[in-house]
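Excluded from the calculations below are hydrogen atoms, water molecules and symmetry mates; all remaining heavy atoms, backbone and side chain alike, are included. This chain uses plain numbering: 1 for the first residue, then up along the sequence.
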Amino acid sequence: MKIKITICFLFILILSNSYLARSADTLKINFYIADSIFLANNLSLLSAKYNISTAEALKIQAKVYPNPKLYLEQSLINKYTRTDYNTDPTRTGTTENIVQVNQLIQLAGKRNKQIRLADINVKLTETDFENLLRTLRFQLHNDLSQLYYNQLSLKLLDEENKSIDILSDNIEEQVKKGFISMSEGIRIKSLLLEIDKQRIDFANTNLDIIAEINTILNYAPNTFMNVEMKSNSNINLLPINTYLDSANAYNPDVKKLNYLIDAAKAQYNLNKAMAVPNANLQLTYDKTGSYIRNYYGFGVGIDLPAFNRNQGNIKASGFQVSQSENDFKLQQQTVSSLIYSVYQRSINNQTILKSYNNIYETQLLQMMDNVLESYQKRIITIVDFTNYYESYKQSYLTLLQIKSSLFSNIEQLNFLIGKPIIK
């Protein structure tokens with residue numbers, strides 16, 4: 001028995017270790033794969049879909065008619081068996097029974113207006129879903145691009161750290177022998193410390209980014225990834241009016257406020273209809289309580305709109321229509337202004353990158369190796385080496401940062417448009 005338990009425990013342990021090993025693997029991921037996983041696995045999107053289902057269910061509820069009301073009354077005392085009443089044997093055992101059926105009839109098209117309002121609420125919920133979708137996708141794409149460029153920067157710093165670390169060890173030996181001054185050794189150590197500090201900063205930033213990506217993709221917390229993407233700064237931007245027109249059609253914030261105008265108008269029409277009272281139809285059967293036995297009657301009831309004509313609600317909903325129209329114009333203006341700003345930033349970053357092609361990046365890396373070699377051969381001084389080396393390294397990192405900014409600008413344009421039309 002103990003052997004079986006031990007074997008089961010080892011089997012579970014092996015499976016757990018295998019799962020953790022897979023979870024802790026470094027995955028290769030690109031934007032296409034990430035988008036597919038995001039749409040299928042993101043818990044926020046899955047939860048938001050229930051809001052749409054709820055709104056559709058409420059639309060079904062708006063279509064149903066009011067239930068009829070049934071009223072039954074049975075007398076507890078037979079009035080014909082009392083001593084002071086006629087005791088005619090033909091009436092003995094006869095009791096009072098009343099049956100009433102009441103049906104509410106909505107007038108002035110209230111039901112259709114409620115259905116219209118419920119239909120708009122479904123569209124508003126769908127727009128909220130679109131807004132959540134574009135927000136999470138924008139965050140995912142930004143995180144992936146920043147992680148990609150950070151990993152490129154970290155790769156450079158890791159390689160330079162190895163080279164400078166070897167150089168620092170050699171210089172330290174020379175300092176001990178008295179061939180090189182201590183100040184020169186400290187200068188190399190300071191350069192190595194700066195590289196280590198940058199490496200730590202990028203590594204810590206990447207941890208935060210990966211945590212966000214894992215949450216969006218519903219991955220295990222200890223999943224790490226390498227991003228694969230084509231770094232292309234030659235993006236053909238269309239005239240800005242194209243993006244402005246697209247934003248009016250696709251931007252969820254603009255669409256939502258447009259639907260809110262429709263909702264305010266639908267509520268206004270419903271409030272006007274509510275000023276018309278509903279009617280009540282009633283059928284009555286009375287067995288012995290009327291002037292004849294087995295009385296049947298039909299009645300119609302309606303409130304008289306003498307005091308309450310829903311005046312306040314009608315007036316308030318009219319103001320809501322005007323407010324919604326004003327908010328819609330404000331949102332259009334806000335989105336247009338943001339698109340102008342982001343579009344111009346994209347042009348500026350693209351203009352800078354066109355002046356520095358991939359050959360320049362290769363030259364920077366080559367020059368870093370050259371100055372390191374020149375210093376090792378004592379062709380240049382420690383001051384020249386650190387100045388040139390820092391300059392070339394920072395220029396390379398700056399280029400990567402500009403590329404990352406351009407990508408972020410493009411993603412922000414897609415976000416403001418409401419649809420990823422810029423690839």
Side-chain angles (χ1 to χ4, degrees), residues 12 14-60 119 121-152 205-232 235 243 246-247 249-256 259 404 407-423:
I12 294 172
I14 291 171
L15 288 179
S16 301
N17 290 336
S18 175
Y19 172 77
L20 291 174
R22 287 198 301 270
S23 299
D25 283 344
T26 299
L27 305 176
K28 291 184 179 180
I29 192 170
N30 57 38
F31 282 78
Y32 177 77
I33 295 175
D35 281 346
S36 300
I37 297 172
F38 159 65
L39 293 175
N41 292 354
N42 184 267
L43 296 178
S44 295
L45 290 182
L46 294 175
S47 179
K49 288 180 180 178
Y50 288 109
N51 293 332
I52 299 177
S53 300
T54 301
E56 290 174 344
L58 292 176
K59 180 180 176 181
I60 295 174
D119 184 59
N121 286 332
V122 171
K123 294 178 180 178
L124 284 170
T125 308
E126 292 173 343
T127 305
D128 288 337
F129 178 82
E130 293 175 9
N131 196 12
L132 176 64
L133 174 63
R134 68 156 183 164
T135 301
L136 291 175
R137 182 166 50 201
F138 172 71
Q139 182 181 349
L140 174 62
H141 286 189
N142 262 358
D143 286 343
L144 288 173
S145 65
Q146 188 178 355
L147 182 60
Y148 171 76
Y149 287 109
N150 282 359
Q151 287 174 342
L152 287 181
T205 301
N206 288 350
L207 287 175
D208 294 336
I209 294 173
I210 290 175
E212 287 187 356
I213 295 175
N214 286 337
T215 301
I216 294 175
L217 300 183
N218 195 18
Y219 274 167
N222 58 338
T223 303
F224 295 90
M225 60 200 67
N226 281 327
V227 183
E228 297 175 339
M229 65 177 283
K230 294 180 180 179
S231 181
N232 182 18
I235 302 171
Y243 301 135
S246 298
Y250 299 121
N251 184 283
D253 292 329
V254 176
K255 288 172 62 177
K256 181 175 183 177
Y259 286 137
S404 179
F407 189 92
S408 179
N409 294 151
I410 298 303
E411 282 302 313
Q412 194 169 359
L413 273 176
N414 283 330
F415 175 81
L416 291 171
I417 293 168
K419 190 175 181 180
I421 65 176
I422 307 175
K423 304 298 182 181

| said: Checking N414 against F138 for the side chain to side chain contact (heavy atoms under 4.5 Å, CB included) test, could you report, in this order, the C-alpha distance in whole Å, the side-chain angles of both residues, the deciding distance, and whether it holds? | reply: CA-CA 8 Å; N414 283 330; F138 172 71; over 6 Å; no

Sequence neighbours excluded and cut-off under 3.5 Å, please list the side-chain donor-acceptor pairs for residues 46-54, or say none.
residue: S53; atom: OG; partner: K49; partner atom: O; Å: 3.4
residue: T54; atom: OG1; partner: Y50; partner atom: O; Å: 2.8

| note | Q412 meets the side-chain hydrogen bond (donor to acceptor under 3.5 Å, both in side chains) criterion, sequence neighbours left out, with R345

| Contact summary for G418 and P252, nearest pair of heavy atoms | CA-CD, 4.0 Å

| query | Between S246 and I421, which heavy-atom pair has the shortest distance, and what is it? | reply | OG-CD1, 3.9 Å

| field | Residue pair Q139, D143: steps toward the side chain to side chain contact (heavy atoms under 4.5 Å, CB included) verdict | value | CA-CA 6 Å; Q139 182 181 349; D143 286 343; 3.6 Å; yes

| task | Begin with the C-alpha distance, continue with both residues' side-chain angles, and end with the deciding distance and a verdict on side chain to side chain contact (heavy atoms under 4.5 Å, CB included) for Y149 and V227. | result | CA-CA 9 Å; Y149 287 109; V227 183; over 6 Å; no

| message | Could you work out, with side chain to side chain contact (heavy atoms under 4.5 Å, CB included) as the rule, every residue matching D119, not counting sequence neighbours? | response | K59, R116, K123

| request: Write out all pairs satisfying salt bridge (charged side-chain N to carboxylate O under 4.0 Å, His left out) with one or both partners inside residues 132-142, taking only residues at least two apart or from two chains. | output: R134-D253

| field | salt bridge (charged side-chain N to carboxylate O under 4.0 Å, His left out) partners of residues 124-133, not counting sequence neighbours, each pair once | value | D128-K256, E130-K255

Taking atom [atom1] of [X] and atom [atom2] of [Y], what is their separation to the nearest 0.5 Å?
X: I235; Y: N409; atom1: CD1; atom2: CG; result: 9.0 Å
X: L140; Y: S145; atom1: CG; atom2: OG; result: 9.5 Å
X: Q151; Y: E228; atom1: CD; atom2: CD; result: 10.0 Å
X: N142; Y: F407; atom1: CG; atom2: CZ; result: 7.5 Å
X: I417; Y: Y250; atom1: CD1; atom2: OH; result: 10.0 Å
X: M229; Y: I29; atom1: CE; atom2: CD1; result: 13.0 Å

| said: Quick check: do I210 and F224 have side-chain heavy atoms less than 4.5 Å from each other? | reply: yes

| query | Below 4.5 Å, heavy atoms only, C-beta onward: do T135 and F415 meet side chain to side chain? | reply | yes

| task | Apply the test side chain to side chain contact (heavy atoms under 4.5 Å, CB included) to residues K28 and M225: give CA-CA distance (whole Å), side-chain angles for both, the deciding distance (0.1 Å), then the verdict. | result | CA-CA 6 Å; K28 291 184 179 180; M225 60 200 67; over 6 Å; no

| Can you check whether L416's main-chain N or O pairs, donor with acceptor, with N251's side chain at less than 3.5 Å? | yes

| field | N214 side chain vs T223 backbone, donor-acceptor pair below 3.5 Å | value | yes

In residues 30-43, what donor-acceptor pairs under 3.5 Å come from side-chain atoms, sequence neighbours left out?
residue: N30; atom: OD1; partner: Y32; partner atom: N; Å: 3.2
residue: N30; atom: OD1; partner: I33; partner atom: N; Å: 2.8
residue: D35; atom: OD1; partner: H141; partner atom: NE2; Å: 2.8
residue: D35; atom: OD2; partner: H141; partner atom: NE2; Å: 3.2
residue: S36; atom: OG; partner: Y32; partner atom: O; Å: 3.1
residue: N42; atom: OD1; partner: S44; partner atom: N; Å: 3.0
residue: N42; atom: OD1; partner: L45; partner atom: N; Å: 2.9
residue: N42; atom: ND2; partner: I216; partner atom: O; Å: 2.8

